[in-house]
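Keep in mind that what you see is a predicted model, and the values were worked out from it rather than measured. All ligand and atom numbering here is 1-based and tracks the order in the structure.
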Amino acid sequence: VTTIEEVCAAGLCTQCGTCAALCPTATVSASWNVRDGYIMSVDKRRCTDCGLCVEVCPGPGCDFTADAWWRAENEGAPSTDFLGPWRRLFTGWATDERTRYLGASGGFATAIVQGALEAGVIDAALLCDSDPERPLRARPIVARTADEVAACRGSKYNAVATNLMLREVLDRPGRYALVGLPCHIQGFRQARERSRRLRERVVFTTGIFCGWTATPRATLVEALRAGLDPAHLARVSYRGPGWPGCLRFETQDGTVREAAFPAYFYRLVRSYTLPRCRLCPDGLAELADISVGDAWLPQYHGTPGASDLIVRTPIGERLVERIAGEWLTLFPSTPDEILRSQSETKREKRSLYRGRLRLRALSGRSVPENPGITSHPDPADTWAGVRDLLREVHRSLEALRFPPRA
Ligand SMILES: Cc1cc2nc3c(=O)[nH]c(=O)nc-3n(C[C@H](O)[C@H](O)[C@H](O)COP(=O)(O)OP(=O)(O)OC[C@H]3O[C@@H](n4cnc5c(N)ncnc54)[C@H](O)[C@@H]3O)c2cc1C
């Protein structure tokens with residue numbers, strides 16, 4: 001694929017927003033609708049054909065080989081398949097009890113940004129919240145205060161073009177952090193290679209572990225299933241309070257409906273996963289300075305929340321050393337333990353990835369290229385891919401019962 005339009009037409013857009021933020025002539029723009037999420041479009045009359053949008057796009061794939069361009073940042077750190085490069089591994093939670101309790105898992109993502117703000121490491125962070133005007137929309141924002149950071153806590157299983165905010169980074173001097181899914185971090189890293197301003201201004205990245213994300217329609221359908229009129233929604237949250245928390249809808253008249261995690265999650269994401277998510281092998285945000293995810297381990301069941309923390313770069317290591325004392329409760333972990341906590345995501349990003357890639361290639365559609373990660377499926381992978389496809393077809397048919405409105 002050689003243009004953003006081709007990336008989108010091939011179903012390879014991650015909806016990260018990097019292309020629109022970086023376009024020097026504002027030719028690429030993003031719009032949002034409840035069926036598809038963020039849609040990138042190109043105004044051909046203004047396009048100078050510079051090619052930057054495609055150069056920074058993570059959709060066509062990423063190099064994961066041992067000597068990939070981005071690995072210089074990791075300065076000889078060990079690297080394991082799926083775990084990626086790492087310098088220090090921890091499990092734990094935000095020391096502030098409220099941040100831990102209200103966060104998606106252990107509140108690390110929020111505590112790290114708040115700690116960096118208070119220590120003067122950054123002036124602002126690129127995050128996402130739920131749009132108060134349109135609660136089905138997850139909205140990218142630049143948070144400048146601890147309260148604004150806190151308002152972004154919780155996972156949104158809903159695509160959000162966080163990297164659109166890189167435009168503000170380019171336009172407004174300051175020191176920023178980026179918190180995003182693996183695709184946001186990949187897009188950002190490719191953009192940073194091409195922009196001195198981004199190299200100077202974005203001082204660290206936190207990657208959020210990710211199995212898949214979904215279009216907003218997934219949330220809309222869950223609201224309909226709960227018997228609510230989506231037009232009357234006032235608030236939506238997907239995780240927390242406590243761990244693992246629940247999907248919670250609140251309407252303008254105060255009606256509340258909740259569905260427990262993970263039961264709703266599989267329904268939500270399976271029918272409406274972004275097509276590109278199904279072809280992504282980067283579960284743990286390998287290109288980030290720090291990665292965080294749920295510590296799905298038996299010893300943490302019944303606690304208010306626990307997270308994995310992978311420190312990947314010297315930047316990440318210095319930051320964690322600086323803020324840990326006050327902000328983070330950390331216990332050393334091991335590659336085995338982190339991998340055990342991510343067995344489901346690993347299955348998704350390896351066996352199912354290979355199976356889906358094979359099926360997609362057989363159907364003649366373009367597939368992302370991720371050198372360094374084997375794409376050759378064994379028969380079990382192909383069978384897993386077929387079963388997965390059948391499940392998705394079944395769920396999509398089931399979802400047809402819900403009219404596409406709001
Ligand atoms: C779509 C999605 C899929 C995930 N899949 C897995 C998985 O397979 N395995 C696993 O262990 N963990 C997964 N996670 C991560 C997990 O749900 C928690 O987000 C993570 O453990 C961080 O929790 P926390 O308590 O530290 O974050 P919090 O302190 O609650 O902060 C959450 C941060 O994540 C950011 N964020 C929320 N939603 C999005 C989004 N859609 N896009 C970009 N940024 C977002 C917010 O800006 C906020 O800064 C997923 C998260 C998302 C959003």
Side-chain angles (χ1 to χ4, degrees), residues 14-17 37-38 91-94 96 98-115 125-130 137-143 148-165 177-185 187-188 205-216 218-219 237-245 261-262 265-266 268-269 272-274 277 280 282-285 288 290-297 300 304-310 327-328 338-349:
T14 65
Q15 303 198 8
C16 70
Y38 290 83
T91 51
W93 42 83
D96 176 60
R98 196 173 150 76
T99 305
R100 179 185 183 190
Y101 181 67
L102 294 178
S105 49
F108 272 160
T110 298
I112 289 168
V113 171
Q114 288 181 334
L126 281 51
L127 309 173
C128 65
D129 68 2
S130 283
R137 175 174 179 254
R139 175 183 73 163
I141 69 153
V142 178
E148 286 170 1
V149 175
C152 293
R153 63 183 146 219
S155 295
K156 286 93 190 162
Y157 299 124
N158 194 347
V160 50
T162 304
N163 287 8
L164 288 174
M165 297 295 112
L178 167 66
V179 178
L181 302 180
C183 50
H184 295 118
I185 306 296
F188 162 71
T205 57
T206 300
I208 305 281
F209 295 3
C210 182
W212 348 247
T213 194
T215 63
T219 313
S237 66
Y238 300 80
R239 291 287 301 272
W243 193 49
F261 184 94
F265 178 72
Y266 292 103
L268 184 88
V269 295
Y272 298 106
T273 309
L274 299 192
C277 294
C280 167
D282 185 6
L284 309 188
I290 296 167
S291 299
V292 295
D294 285 278
W296 296 125
L297 293 167
Y300 298 121
S307 293
D308 291 330
L309 173 60
I310 306 175
W327 294 88
L328 310 173
I338 303 276
L339 290 175
R340 242 183 305 126
S341 81
Q342 295 301 318
S343 55
E344 182 57 31
T345 306
K346 184 171 181 195
R347 198 178 83 83
E348 191 70 30
K349 299 294 181 181

Could you check whether any side-chain N or O of N163 sits under 3.5 Å from a backbone N or O of H184, counting only pairs where one atom can act as donor and the other as acceptor?
yes
How far is atom 28 (P) of ligand 1 from the closest protein heavy atom, and which atom is that?
T110 OG1, 3.5 Å
Check each atom of ligand 1 against the heavy atoms of V179 and keep those under 4.0 Å away; list them by number with element.
49 (O)
Short version for I208: what comes under 4.0 Å of ligand 1, heavy atoms counted, is side chain
Suppose I only count heavy atoms of R153 and a 4.0 Å limit; which atoms of ligand 1 are within that range?
30 (O), 31 (O)
Nearest non-hydrogen protein atom to atom 48 (C) of ligand 1, with distance, is C152 O, 3.4 Å
Within the 4.0 Å heavy-atom shell around R239, which atoms of ligand 1 are there?
17 (O)
Within the distance-only criterion (no hydrogens, no angle test), does the side chain of S291 pair as donor or acceptor with the backbone N or O of I310 below 3.5 angstrom?
no
For ligand 1, is there an N or O atom under 3.5 Å from any N or O atom of T162?
no
With a 4.5 Å cut-off on side-chain heavy atoms, are W296 and P244 touching?
yes
Quick one: does L102 get an N or O within less than 3.5 Å of an N or O on ligand 1?
no
Side chain or backbone, does F108 bring an N or O within less than 3.5 Å of an N or O on ligand 1?
yes
Any idea which protein heavy atom is nearest atom 17 (O) of ligand 1, and the distance to it?
S155 OG, 2.6 Å
Heavy-atom contact under 4.0 Å between H184 and ligand 1?
yes
Looking at the rings of W212 and Y272, which for Trp means the six-membered one, are their centres under 6.0 Å apart?
no
Pick from R139, K156, R137, R153: which one makes a side-chain hydrogen bond (donor to acceptor under 3.5 Å, both in side chains) with D129?
R139
Backbone N or O of G106 within a donor-acceptor pair of the S307 side chain at under 3.5 Å?
yes
Do R239 and D294 come close enough that some side-chain heavy atom pair is under 4.5 Å?
yes
Residue pair L127 / T162, side-chain heavy-atom distance below 4.5 Å
no
Once rounded to the nearest 0.5 Å, what's the spacing between atom CG of L181 and atom OG of S155?
8.5 Å
Quick one, P140 and Y38 - any side-chain contact, counting heavy atoms below 4.5 Å?
yes
Residue that, paired with I112, satisfies side chain to side chain contact (heavy atoms under 4.5 Å, CB included) out of V179, I290, V149:
I290
Polar contacts were defined as any N/O atom of the residue lying under 3.5 Å from an N/O atom of the ligand; does this apply to A104 and ligand 1?
yes
Among protein heavy atoms, which sits nearest to atom 37 (C) of ligand 1, and what does the distance come to when rounded to 0.1 Å?
G154 O, 3.3 Å
Atom 25 (O) of ligand 1: of S307, G283, G107, the nearest heavy atom sits on G107
Numbered atoms of ligand 1 (with element) below 4.0 Å of T213, judged on heavy atoms
1 (C)
Do the side chains of L178 and I185 get nearer than 4.5 Å, heavy atoms only?
yes
Counting non-hydrogen protein atoms only, what is the nearest one to atom 52 (C) of ligand 1? Give residue, atom name and distance.
Y157 CE2, 3.6 Å
Which protein heavy atom lies closest to atom 21 (O) of ligand 1, and at what distance to 0.1 Å?
S105 OG, 2.6 Å
Working to the nearest 0.5 angstrom, can you tell me the gap between Y238 OH and F265 CZ?
11.5 Å
Those atoms of ligand 1 less than 4.0 Å from some heavy atom in V160:
40 (C), 41 (N), 42 (N), 43 (C)
For atom 50 (C) of ligand 1, find the nearest protein heavy atom and state the residue, atom name and distance (0.1 Å precision).
F209 O, 3.0 Å
Mind checking whether C210 has a heavy atom under 4.0 Å from ligand 1?
yes
Numbering as shown, the atoms of ligand 1 that approach W212 to under 4.0 Å (heavy-atom distance):
1 (C), 2 (C), 3 (C)
Are Q342 and F209 side-chain neighbours, meaning at least one heavy-atom pair lies under 4.5 Å?
yes
Sub-4.0 Å atoms of ligand 1 with respect to non-hydrogen atoms of N158:
41 (N)
So, is L127 polar-close to ligand 1, with some N/O to N/O distance under 3.5 Å?
no
Can you say whether the rings of W93 and Y300 are parallel (under 30°), tilted (30 to 60°) or perpendicular (over 60°)?
perpendicular
In terms of atom number and element, which parts of ligand 1 are under 4.0 angstrom from non-hydrogen atoms of G103?
25 (O), 30 (O)
So which heavy atom in the protein is nearest atom 36 (N) of ligand 1, and how far is it from that ligand atom?
C128 SG, 3.6 Å
